[in-house]
Amino acid sequence: MSKVNANKKLELIKAIRMQNQYNRQLFRSREGFLYSDEPEIRRGELYGLETPEKMAVPEQDKESVFGSFRIRFAIAVILLLCFILCDVNQLSYEGENTDTFYGRITRSFELKELFEQMENL
């Protein structure tokens with residue numbers, strides 16, 4: 001039997017590591033099938049020939065979530081300031097003032113009542 005050179009050993013180690021990685025990926029995907037509440041996600045093929053899936057939310061998605069949160073928060077602050085200014089200055093619009101508007105917000109109503117109110121407008 002001839003001696004095995006370093007390149008052949010490195011190829012063997014690489015193949016073993018790839019097989020180990022593939023086995024771990026299969027294990028994670030099977031765990032995902034069993035314990036995940038999320039819809040099915042397409043898993044990678046043999047030996048990582050396809051791009052591996054990202055388990056965490058990518059940075060780009062995090063930025064878009066926080067970006068939309070900032071916009072929604074700014075709109076909420078602006079609406080609150082408008083409500084406070086209208087209340088302080090006793091402004092009304094078409095017979096609606098802040099007291100009636102606040103009453104509508106805090107009153108518990110059913111969806112049927114909402115549709116009836118919209119039909120009356």
Rounded to the nearest 0.5 Å, what separates atom CZ in R17 from atom CD1 in I13?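 Going from the CZ atom of R17 to the CD1 atom of I13 covers 6.0 Å.
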When the side chains of residues 85-97 are checked against the rest of the protein, which donor-acceptor pairs come out under 3.5 Å, sequence neighbours left out?
| from | atom 1 | to | atom 2 | distance (Å) |
| --- | --- | --- | --- | --- |
| D87 | OD1 | T98 | OG1 | 2.9 |
| N89 | ND2 | L85 | O | 3.3 |
| Q90 | NE2 | D87 | O | 3.0 |
| E96 | OE1 | T100 | OG1 | 3.1 |
| E96 | OE2 | R104 | NH2 | 3.4 |
| N97 | OD1 | D99 | N | 3.3 |
| N97 | OD1 | T100 | N | 3.1 |
| N97 | OD1 | T100 | OG1 | 3.2 |

Pairs flagged by salt bridge (charged side-chain N to carboxylate O under 4.0 Å, His left out) wherever residues 6-16 is involved - sequence neighbours left out: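 Checked against salt bridge (charged side-chain N to carboxylate O under 4.0 Å, His left out) - neighbours excluded - no pair reaches residues 6-16.
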Using the side chain to side chain contact (heavy atoms under 4.5 Å, CB included) criterion, which residues pair with [X]? Sequence neighbours excluded.
X   : answer
R24 : N20, R28
V77 : F73, L81
I16 : L12

When you group the ILVMFWY residues by side-chain heavy-atom contacts below 4.5 Å and let the links chain together, are F101 and L80 in the same group?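 Each belongs to a different hydrophobic cluster.
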